[in-house]
Amino acid sequence: MTKPEQPDPSGDEIEVRVAADAAQLPMLRAITSAVAMRQDYDLDSIADLKMAVDEACSMLVLRAITGSILTVRFTPKNEIKVVATVLSDSDEWPDTSMFSWHVLSTLTDSLEAGVTQAPADPGGHGLWIELTKRNGLVNE
């Protein structure tokens, strides 16, 4: 269901799994903030990353199958990469003409989204968004 890639062998990867429900978004924003602060991101970059993760997860929650799990994986290296995935019954993804997509592309340094076929059990489609944010202090 998730974007195919290998786990981070260095152990720096953080994965959070929550119910695909809007009520979980404040917790995901708090975790995002903690990850960015731990990487010494400036306040503007932290705010941008929190807003981007909130927007990406909101987009996924709206398309999630009831009762499914939202998985958010943070990989902090020279930049913070976030991959969020959810199970959906629709394979129409992403709609890059949506306002929320424009917000995401403005807040992040790179942005991708896609669909994978979920395993036969439970079936459906895995929707994913991958975004990357660099620290605004790096170029100063």
Side-chain angles (χ1 to χ4, degrees):
M1 180 173 81
T2 60
K3 183 178 179 187
E5 65 181 50
Q6 295 297 320
D8 179 18
S10 70
D12 289 340
E13 190 171 271
I14 300 157
E15 185 171 286
V16 180
R17 296 176 186 209
V18 297
D21 187 307
Q24 300 297 327
L25 295 176
M27 182 183 53
L28 293 172
R29 285 192 300 269
I31 292 168
T32 302
S33 181
V35 169
M37 283 190 275
R38 185 172 163 223
Q39 296 299 311
D40 293 325
Y41 273 46
D42 64 84
L43 293 177
D44 288 338
S45 295
I46 292 171
D48 287 352
L49 185 59
K50 282 173 43 179
M51 196 178 317
V53 169
D54 184 75
E55 194 64 43
C57 292
S58 294
M59 291 171 66
L60 291 170
V61 164
L62 288 173
R63 290 163 182 79
I65 293 174
T66 302
S68 65
I69 300 295
L70 171 66
T71 302
V72 183
R73 189 175 6 156
F74 300 87
T75 308
K77 293 283 186 191
N78 300 327
E79 57 194 15
I80 297 176
K81 179 171 73 169
V82 180
V83 179
T85 60
V86 74
L87 187 63
S88 176
D89 55 8
S90 172
D91 65 349
E92 295 181 21
W93 181 256
D95 182 355
T96 57
S97 67
M98 292 175 22
F99 178 73
S100 53
W101 187 262
H102 294 291
V103 169
L104 272 175
S105 62
T106 301
L107 294 171
T108 59
D109 295 304
S110 71
L111 178 62
E112 289 183 66
V115 180
T116 59
Q117 187 65 41
D121 182 24
H125 304 277
L127 305 183
W128 58 268
I129 296 177
E130 177 181 303
L131 59 91
T132 304
K133 182 70 179 168
R134 290 186 286 278
N135 190 348
L137 294 177
V138 172
N139 295 327
E140 293 181 359

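In this structure, OG on S58 lies 9.5 Å from CG on L28, to the nearest 0.5 angstrom. Note that NZ of K81 and OG of S110 are 9.0 Å apart. Values are rounded to the nearest 0.5 Å. Residue L131 holds its CG atom at 10.5 Å from CD of E112, rounded to the nearest 0.5 Å. Remark: N135 CG to D109 CG distance equals 10.0 Å, nearest 0.5 Å. Rounded to the nearest 0.5 angstrom, L127 CG and S90 OG are separated by 7.0 Å.
Side chains of F74 and E13 form no contact here, defined as non-hydrogen atoms less than 4.5 Å apart. Within the 4.5 Å cutoff, side-chain heavy atoms of L111 are placed close to those of I129. A heavy-atom distance below 4.5 Å is not found between the side chains of V61 and M59. By the 4.5 Å heavy-atom criterion applied to side chains, C57 and L70 are counted as neighbours. Proximity of H125 to T116: side-chain heavy atoms (C-beta onward) are nowhere separated by under 4.5 Å. No side-chain heavy atom of V18 sits under 4.5 Å from any side-chain heavy atom of V72.
By the side chain to side chain donor-acceptor pair (under 3.5 Å) test, T106 is found to be paired with no residue, residues two or more places apart in sequence or in another chain being considered. With sequence neighbours left out, the side chain to side chain contact (heavy atoms under 4.5 Å, CB included) criterion links T96 to P94, W101. T66 meets the side chain to side chain donor-acceptor pair (under 3.5 Å) test with no other residue; sequence neighbours excluded. For R38, the salt bridge (charged side-chain N to carboxylate O under 4.0 Å, His left out) test picks out no residue, with sequence neighbours left out.
A donor-acceptor pair under 3.5 Å is absent between the side-chain atoms of Q39 and the main chain of I80, judged by distance alone. Side-chain atoms of Y41 come within 3.5 Å of backbone atoms of K133 as a donor-acceptor pair (strictly under, hydrogens ignored). With hydrogens and angles disregarded, a donor-acceptor distance shorter than 3.5 Å links the side chain of S88 to the backbone of R63. The backbone N or O of L104 sits less than 3.5 Å from a side-chain atom of T108, completing a donor-acceptor pair. In this structure, D42 contributes its side chain and S45 its backbone to a donor-acceptor pair below 3.5 Å.
Here salt bridge (charged side-chain N to carboxylate O under 4.0 Å, His left out) pairs that include residues 49-59, with residues two or more places apart or in two chains, are R29-D54.
Between I65 and S68 the shortest heavy-atom distance is O-OG, 2.7 Å.
When hydrophobic side chains of Ile, Leu, Val, Met, Phe, Trp and Tyr are connected at separations under 4.5 Å, V103 ends up clustered with M51, F99, L107.
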Under the side chain to side chain contact (heavy atoms under 4.5 Å, CB included) criterion, do L60 and T85 qualify, and how do the steps go? CA-CA 7 Å; L60 291 170; T85 60; 5.9 Å; no
Could you go step by step and tell me if E15 and T71 meet the side chain to side chain contact (heavy atoms under 4.5 Å, CB included) rule? CA-CA 7 Å; E15 185 171 286; T71 302; 3.7 Å; yes
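A continuous path of hydrophobic side-chain contacts links M27 to I46 [ILVMFWY only; heavy atoms under 4.5 Å]. The hydrophobic cluster containing M37 also contains V16, counting ILVMFWY residues as joined when their side-chain heavy atoms lie under 4.5 angstrom apart, directly or transitively. Residues W93 and M98 are members of one and the same hydrophobic cluster, defined by side-chain heavy-atom contacts under 4.5 angstrom among Ile, Leu, Val, Met, Phe, Trp and Tyr.
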